[in-house]
Protein chains: 2
Amino acid sequence: MDNLQEKNYRKSKQRQKILGILKSTKSHPTASWIYDKLKPGFPSLSLGNVYRNLSILVEQGCIQELKFGSTFDRYDGNVNPHYHFICESCGAIKDIEIEHNDELNRKVEAATNYRVKNHRLEFFGCCDECMN
Amino acid sequence: MDNLQEKNYRKSKQRQKILGILKSTKSHPTASWIYDKLKPGFPSLSLGNVYRNLSILVEQGCIQELKFGSTFDRYDGNVNPHYHFICESCGAIKDIEIEHNDELNRKVEAATNYRVKNHRLEFFGCCDECMN
DNA sequence: TTGAGTGCAAACTATTTGCAACTGG
DNA sequence: CCAGTTGCAAATAGTTTGCACTCAA
């Protein structure tokens, strides 16, 4: 997961602009939204490079990626609300046996003016089989 | 999001097998894992059809899809742990201002034998702008 | 000078779709 | 019969990568 040798990053206009736009918005943009925003003032910018820089920024800990643990969609035969644990080492997804807390939805409704229908809670870490 | 006219679903061997395998496993399979499992005993099966049936099963409420709200990866300039709300109507992702509860990680560790490093909590519903 | 960064296009991965044939009710 | 379902292959969508050129330190 971690690289052994540190990368010696430089400063690039592209990466700085991408970071800038991410730090200045409270939206949670996609790569191509960022590309579309920057392209007019930076016509040589390429989408592939936006992706490249986003992953460097994630690696540097400057930004966060909001994706599910796996690149594949996963399906669950259990339709009861329940929580999941995702092992960052082997990728396994396991059900978690703690009670589903519906009050959380009300709590968020109280803190916002959104209508909250449900929630999803995922834990990340290392499963028993990968531990050592 | 919802179709106006109900679909009149039939019973198909393919769909029943897919549902059967999902109900019988506690893993959280991908489409192609299901395909690989069924293919030997069902050589005419096609991957595209597995996808088709999975989405029908989700529509029928028989199974659950474990994907992030959007098909795009999203990036967040805020690296502090915080929770998100996803509007199912317009797709907006908003930060939620309730305190991050680190105790949850301990709670899950107590209930399992996994090492829990962090968690992600997402709420789904309808945002103020889409409400009416 | 040199290795990190870039644009471009091609490659790749996961998923969806058009179509003609098939099938269950 | 007829609409739902199928396999197949082609199309799509998002992301990654190889390459030769460029630029920052």
Side-chain angles (χ1 to χ4, degrees), chain A residues 3-22 28-60 62-76 91 93, chain B residues 1 3-20 22 28-60 62-76 91 93:
Chain A
N3 266 337
L4 292 182
Q5 81 277 13
E6 280 298 301
K7 261 239 172 170
N8 195 3
Y9 293 113
R10 284 188 196 153
K11 205 176 290 192
S12 88
K13 281 197 203 64
Q14 287 85 338
R15 190 150 64 240
Q16 299 203 110
K17 293 226 178 198
I18 291 168
L19 182 56
I21 208 169
L22 269 164
H28 300 72
T30 61
S32 86
W33 183 92
I34 295 169
Y35 173 74
D36 291 341
K37 284 283 173 187
L38 294 179
K39 185 75 175 174
F42 204 148
S44 76
L45 184 67
S46 68
L47 180 58
N49 197 34
V50 172
Y51 278 106
R52 242 181 321 225
N53 278 308
L54 285 169
S55 78
I56 290 174
L57 289 167
V58 168
E59 198 179 316
Q60 295 176 329
C62 300
I63 64 169
Q64 209 186 342
E65 197 174 8
L66 303 179
K67 66 152 76 160
F68 198 65
S70 148
T71 55
F72 298 84
D73 286 354
R74 301 292 199 122
Y75 297 87
D76 193 340
I93 302 183
Chain B
M1 209 133 266
N3 265 336
L4 292 184
Q5 81 277 15
E6 281 296 304
K7 259 239 170 169
N8 195 3
Y9 293 114
R10 282 186 198 156
K11 205 176 291 191
S12 88
K13 281 197 203 66
Q14 287 85 336
R15 190 149 65 242
Q16 299 203 110
K17 292 226 178 197
I18 291 168
L19 182 56
L22 269 163
H28 300 72
T30 62
S32 87
W33 183 93
I34 294 169
Y35 173 75
D36 291 342
K37 284 283 174 188
L38 295 179
K39 185 76 175 172
F42 204 145
S44 77
L45 184 67
S46 68
L47 180 57
N49 197 33
V50 172
Y51 278 106
R52 241 179 325 222
N53 277 308
L54 284 169
S55 79
I56 290 174
L57 289 167
V58 168
E59 198 179 316
Q60 295 176 328
C62 299
I63 64 169
Q64 209 185 340
E65 196 172 10
L66 303 179
K67 66 151 78 157
F68 197 65
S70 147
T71 57
F72 299 83
D73 287 355
R74 301 293 198 123
Y75 297 87
D76 192 339
I93 303 183

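Below, chain A is the first sequence line, B the second, and so on; all start at residue 1.
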Whole angstroms only, please: what is the [atom1]-[atom2] distance between [X] and [N]?
| X | N | atom1 | atom2 | answer |
| --- | --- | --- | --- | --- |
| B:F42 | D:dC8 | CZ | P | 11 Å |
| B:I56 | D:dG4 | CD1 | P | 10 Å |
| A:E65 | D:dG14 | CD | C1' | 12 Å |
| B:W33 | C:dT13 | CH2 | P | 22 Å |
| A:N49 | C:dA4 | CG | P | 15 Å |
| B:Y35 | C:dT13 | OH | C1' | 16 Å |
| B:L47 | D:dA9 | CG | C1' | 13 Å |
| B:L45 | C:dC22 | CG | C1' | 15 Å |

Short side-chain N/O contact to [N] OP1/OP2 from [X], under 4.0 Å:
| X | N | value |
| --- | --- | --- |
| A:K11 | C:dG5 | no |
| B:N53 | D:dT6 | yes |
| A:S12 | C:dG5 | no |
| A:S44 | C:dG7 | yes |
| A:Q14 | C:dG7 | yes |
| B:N8 | D:dA3 | no |
| A:K13 | D:dA24 | yes |

Between A:S55 and B:K39, just flag the one whose closest nucleotide in DNA chain D comes earlier from the 5' side. B:K39
Has the side chain of B:H28 got a donor or acceptor atom that lies under 3.5 Å from a matching backbone atom of A:D76? no
Ignoring hydrogens and angles, answer whether the base of C:dG18 and the side-chain atoms of B:R52 contain a donor-acceptor pair closer than 3.5 Å. yes
With sugar-phosphate meaning primed atoms plus P, OP1 and OP2, does B:R15 contact a base, only sugar-phosphate, or nothing at under 4.0 Å between heavy atoms? sugar-phosphate
Between B:N53 and the options B:Q16, B:K17, B:R15, the side-chain contact (heavy atoms from CB on, under 4.5 Å) test singles out B:R15
Choosing from D:dG7, C:dT6, C:dT23, which nucleotide comes nearest the side chain of B:R10? C:dT23
If you check every side-chain atom of A:Y51, which of D:dT15, D:dT5, C:dT15 has the closest atom? D:dT15
Quick one: are B:N49 and B:Y35 in side-chain contact, heavy atoms under 4.5 Å? no
Can you confirm whether B:I93 sits close enough to B:R74 that some side-chain heavy atom of one is under 4.5 Å from a side-chain heavy atom of the other? yes
Closest heavy-atom pair and its distance - A:L45, A:K39: O-NZ, 2.9 Å
